[in-house]
Amino acid sequence: METDPQRSALIGRGEAPIHEPGLDPLLRQGIDAGTLKVTTQLESVLTDHKVLVLAVGTPSLPDGRTDLRALDAVAAGLAEHAEAGTVVVIKSTVPPGTGRRMERQLGGDARNLRVVSCPEFLREGSAIADIAHSDRFVVGGSDEAAVSRVVRLLNPFNVPVVRSGNTEAELIKYGANAFLAMKISFINEIANLCDHVDANIDDVAAGMGMDARIGAASLRAGLGFGGSCFPKDVVALEHAARSEGFTFWMLRAAMEVNEQQRIRFVQKIRVALGSSLEGRRIAMLGLAFKPGTDDMRQAPSLVIAERLVELGATVVAHDPAAMSAAKLLLPQVTFAADPYSAMEGADLVALVTEWPEYLDIDWQRAASMVRRRVVVDGRNCLNQANLAAQGFNYHGIGRPPETEQWDRRETAQLAGSAADPT
Ligand code: UGA
């Protein structure tokens, strides 16, 4: 059930309304086989189905609380229409206590309606591979039979199962996202320190990540975390703690560092240009919050582009997937059809999202197009030596000018064995 008629029609034709690699063929496969049907009518899915999976949006409200209106609307429909024995699975990320509360609202034991909390751990851009290769399948609920039924139905790839109560499952999800967000803020602070003491974050992160207790995943310094999950979930968990009367200091620090990371990047651009931004032309490569998606929610590019324009710069941006979405959010930015057009006449190239396309840029060609050869790499993904060979002045996040000459590939390979696949 998809409430938006346009999105519903797209899904019905086997076209995903979002950019997610590999999703369209899967939708078409389901539609052709008759195993996937789409409707805009809530009532029609509430009856005749023994398992209902709720995957509605749970965004943040301005005060940090989670907006549960979409979930509550479904619960109201369920209370009225759902048949005895129905298992309701909450896939949406919801504050601790939501599953238990919903089971009580639905009548629980009296109506034999069970709520099973089954949080999702996939990442945008690699969602399909993540489902089959998840580290664990978390399933929480008070009714053993309902929990087992959900495991049989939703864990076809037999990934290791963690069984718990509803609230524990909800907290596993928040705890995991908040921890990863803190890890990213932590490595960003180490990178910021590297900038001050002329150390290279690539070496530091590789050496830290090889400690199995730390792990190499989510240890890439850059512009901080964006998207629809980490920022929202950190805020929601901090709010949940606050409403229980205590301050979760580490989450506050993670959020603060994340905001500062964008501001520091603009500061780096100012320093790299060595003068005011007034009248400068900046090529911005990448807009989406990460590669592989057209999602602009909480994308660092939004704050960075707005700030650069405020300071008098002209921003010409490119993104392989997110330009249609970005055009609505960044009216003051000019959009280019490809990265080279974006770089034409630029005073500085700012890399904001590490799309694979940008790793293959022909910097010799780019050198002949830009006005000044200056690159600020917000994702530490470009090869400093290649850029230097074409006369570019390179600035990364915690990457000093290329002075050491040793070959980093060996450490990268060792560290990469445990690294984040994305
Ligand atoms: C995240 C979690 O990784 C998933 O496990 C979870 O299911 C999902 O949220 C969710 O709650 O639905 P996602 O937001 O798609 O997934 O993306 P990530 O790949 O985790 O990246 C999040 C942000 O952190 C991105 O902006 C990315 O650029 C940034 N990041 C990630 C870093 O800055 N450094 C890293 O080392 C890793």
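From a predicted model like this one, the values you see are computed outputs, not experimental measurements. Both counts, for ligands and for their atoms, begin at 1 and track the order of listing.
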- Interatomic spacing from CZ in Arg307 to CD1 in Ile269 - rounded to 0.5 Å: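 Rounded to the nearest 0.5 Å, the CZ-CD1 separation comes to 11.5 Å.
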- With a cut-off of under 6.0 Å to the ring centre and 45° to the axis, is Arg136 in cation-pi contact with Phe121? yes
contact_flag [X] ligand 1 heavy-atom lt 4.0 Å:
X: Lys183; result: no
X: Gly227; result: no
X: Gly224; result: yes

N or O contact, [X] vs ligand 1, cut-off under 3.5 Å:
X: Leu219; result: yes
X: Ile184; result: no
X: Glu354; result: no
X: Ala217; result: no
X: Phe121; result: yes
X: Leu122; result: yes
X: Thr93; result: no
X: Arg123; result: no

- Task: State, without any angle test, whether Asn192 and Glu189 hold a side-chain donor-acceptor pair at a distance under 3.5 Å.
- Result: yes
- Message: Regarding Asn188 and Ser185, do their side chains bring together a donor and an acceptor under 3.5 Å, going by distance alone?
- Response: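 Distance-only check fails for Asn188 and Ser185.
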- Using heavy-atom distances, let me know which of Lys290, Arg297, Gln298 sits nearest atom 27 (C) of ligand 1.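 When every heavy atom of Lys290, Arg297, Gln298 is considered, Lys290 comes closest to atom 27 (C) of ligand 1.
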Salt-bridge contact [X]-[Y] (side-chain N to carboxylate O under 4.0 Å):
X: Glu103; Y: Arg100; result: no
X: Asp195; Y: Lys268; result: yes
X: Arg252; Y: Glu238; result: yes

For [X], atoms of ligand 1 separated by under 4.0 Å from a heavy atom:
X: Glu124; result: 15 (O)
X: Glu120; result: 7 (O)
X: Ser218; result: 35 (C), 36 (O), 37 (C)
X: Phe225; result: 23 (C), 24 (O), 26 (O), 29 (C)

Within 6.0 Å of [atom1] in [X], more than 12 heavy atoms from elsewhere:
X: Met1; atom1: CE; result: yes
X: Tyr340; atom1: OH; result: yes
X: Arg65; atom1: CZ; result: no

